[in-house]
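Note that these values count all heavy atoms, side chains included, but never hydrogens, waters or copies made by symmetry. In the text below, chain A, chain B and the rest are named by the order of the sequence lines, each starting its count at 1.
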Protein chains: 2
Amino acid sequence: MKENNRRSGCPVSSSLDIWGDKWSLLIVRDLMYSKERTYGELLRSEEKIATNILASRLSTLEAAGIISKLEHPESKAKVLYRLTDKGIDLLPVMIEIYLWGDKYFELSETHKAFLAEVKKDKAAFLERVVAKLRQP
Amino acid sequence: MKENNRRSGCPVSSSLDIWGDKWSLLIVRDLMYSKERTYGELLRSEEKIATNILASRLSTLEAAGIISKLEHPESKAKVLYRLTDKGIDLLPVMIEIYLWGDKYFELSETHKAFLAEVKKDKAAFLERVVAKLRQP
DNA sequence: ATTTCCACTTGCATTTTGCAAGTAATTTTA
DNA sequence: TAAAATTACTTGCAAAATGCAAGTGGAAAT
């Protein structure tokens with residue numbers, strides 16, 4: 001499962017080739033908040049992604065090994081999406097984006113509370129979330 | 001200079017609204033490597049951005065307060081671009097992207113050497129680069 | 001004075017995005 | 001148990017963004 005068609009050998013450029021668009025990291029964000037989500041749950045998230053774009057991004061992210069599909073334990077009509085270890089490894093990137101956003105945007109109380117926790121002890125926060133995401 | 005038209009109140013989404021595309025962070029990367037670059041230098045960088053896209057991204061990044069334009073000390077025909085403090089604050093995001101890329105892509109010796117330095121002492125590396133970028 | 005350099009802009013074809021409406025397989029409801 | 005609703009998508013088409021190549025206008029070099 002190799003990544004090719006890279007614009008250059010730069011890891012930033014190669015990363016952006018996979019998830020450098022307006023939507024992919026929002027899907028990753030949602031899967032960091034809740035560990036597992038159905039297609040419909042992802043579709044209903046705040047930013048209102050179009051259904052064809054969601055399908056397209058899920059497919060790209062799965063092909064890149066960042067997310068994986070699972071059977072829903074209660075219904076064959078539903079599908080669960082979840083971060084792989086490679087996807088979970090994006091958490092530090094996500095945290096730094098949050099911290100940058102914290103500095104330069106007006107945030108809701110919910111986000112402020114979330115970020116207070118991150119800032120209190122970044123490493124501990126990371127470990128806690130990673131542990132949650134990895135649990136079966 | 002307020003940011004509006006945000007898709008949602010989420011700082012990740014708002015960040016992506018500004019620099020969530022395949023090119024913006026590559027411009028930021030170039031400006032982290034060399035502190036100041038002319039339009040032509042940015043144009044000639046490895047990933048071969050199209051000239052109209054470069055102009056468009058520079059304009060968006062400037063409007064967002066991430067980069068600024070400076071007079072070239074030796075020529076009125078040239079323009080220098082440089083990161084603002086807001087742009088320099090993207091360095092932690094960039095570092096984490098590099099580290100993710102280090103784990104999941106094949107890197108050149110140059111990038112490996114660069115990342116060895118980052119991994120040896122992340123905080124020290126950050127401080128060193130920030131100091132360099134801030135100098136007049 | 002003329003050519004070259006530099007930072008862009010413009011025009012147009014191609015690709016990606018976004019919206020709305022379908023579809024096929026389940027699951028729920030009457 | 002047949003019909004209706006849910007779920008995860010796909011399809012078709014218009015609108016927007018991207019990419020390429022060829023300008024353009026001012027500054028610098030020859």
Quick one: [X] [atom1] to [N] [atom2], roughly how many Å, whole number?
X: B/Glu41; N: C/dC8; atom1: CD; atom2: P; answer: 13 Å
X: B/Leu54; N: D/dA17; atom1: CG; atom2: C1'; answer: 16 Å
X: A/Lys69; N: D/dT7; atom1: NZ; atom2: P; answer: 16 Å
X: B/Glu47; N: D/dT18; atom1: CD; atom2: C1'; answer: 16 Å
X: A/Ile53; N: D/dC13; atom1: CD1; atom2: C1'; answer: 13 Å
X: A/Arg57; N: C/dT17; atom1: CZ; atom2: P; answer: 4 Å
X: B/Leu58; N: C/dC6; atom1: CG; atom2: P; answer: 17 Å
X: A/Glu74; N: D/dT6; atom1: CD; atom2: P; answer: 17 Å

query = Is there a side-chain polar atom (N or O) of A/Tyr81 under 4.0 Å from OP1 or OP2 of D/dC9?
reply = yes
query = Taking OP1 and OP2 of D/dA21, is either one under 4.0 Å from a side-chain nitrogen or oxygen of B/Thr51?
reply =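 Looking at the OP1 and OP2 atoms of D/dA21, neither is under 4.0 Å from any side-chain N or O of B/Thr51.
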request  = Ignoring the backbone of A/Val79, work out which of D/dC9, C/dT27, C/dC8 is nearest its side chain.
outcome  = D/dC9
request  = Among C/dT10, C/dC19, C/dC8, find the nucleotide with the atom closest to the side chain of B/Asn52.
outcome  =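 The listed nucleotide nearest to B/Asn52's side chain is C/dT10.
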message = For B/Lys78 and A/Ser56, find the nucleotide of DNA chain C closest to each by heavy atoms; which residue's nucleotide sits nearer the 5' end?
response = B/Lys78
ask   = More 5' along DNA chain C: A/Trp23 or A/Ala77, using each one's nearest nucleotide?
value =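 Whichever sits nearer the 5' end wins; that is A/Trp23.
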message = Before we go on, tell me: are the rings of B/Tyr33 and B/Phe114 under 6.0 Å apart, centre to centre?
response =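 Close enough - the centres of the two rings lie under 6.0 Å apart.
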ask   = What is the ring orientation for A/His111 with A/Tyr98, classed by angle as parallel under 30°, tilted 30 to 60°, or perpendicular over 60°?
value =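 Geometry flag for A/Tyr98 against A/His111: tilted rings.
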request  = Tell me yes or no: between the side chains of B/Ser24 and B/Asp21, is some donor less than 3.5 Å from an acceptor?
outcome  = yes
task = Indicate, with a heavy-atom threshold strictly under 4.0 Å, whether A/Ser75 touches base, sugar-phosphate, or nothing.
result =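 Contact class for A/Ser75: sugar-phosphate only.
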task = Identify whether any heavy atom of A/Asp21 sits under 4.0 Å from a base atom; if not, whether one sits that close to sugar-phosphate; answer base, sugar-phosphate or nothing.
result =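 Result for A/Asp21 = nothing.
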inquiry  = Would A/Arg7 pass as a cation-pi partner of B/Trp23, given that its NZ or CZ must be under 6.0 Å from the six-membered ring centre and within 45 degrees of the axis?
reply    =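 Yes, A/Arg7 sits over the ring of B/Trp23.
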task = Could you check B/Thr84 against B/Ile67 for side chain to side chain contact (heavy atoms under 4.5 Å, CB included), going step by step and ending with a plain yes or no?
result = CA-CA 5 Å; B/Thr84 60; B/Ile67 63 174; 5.5 Å; no
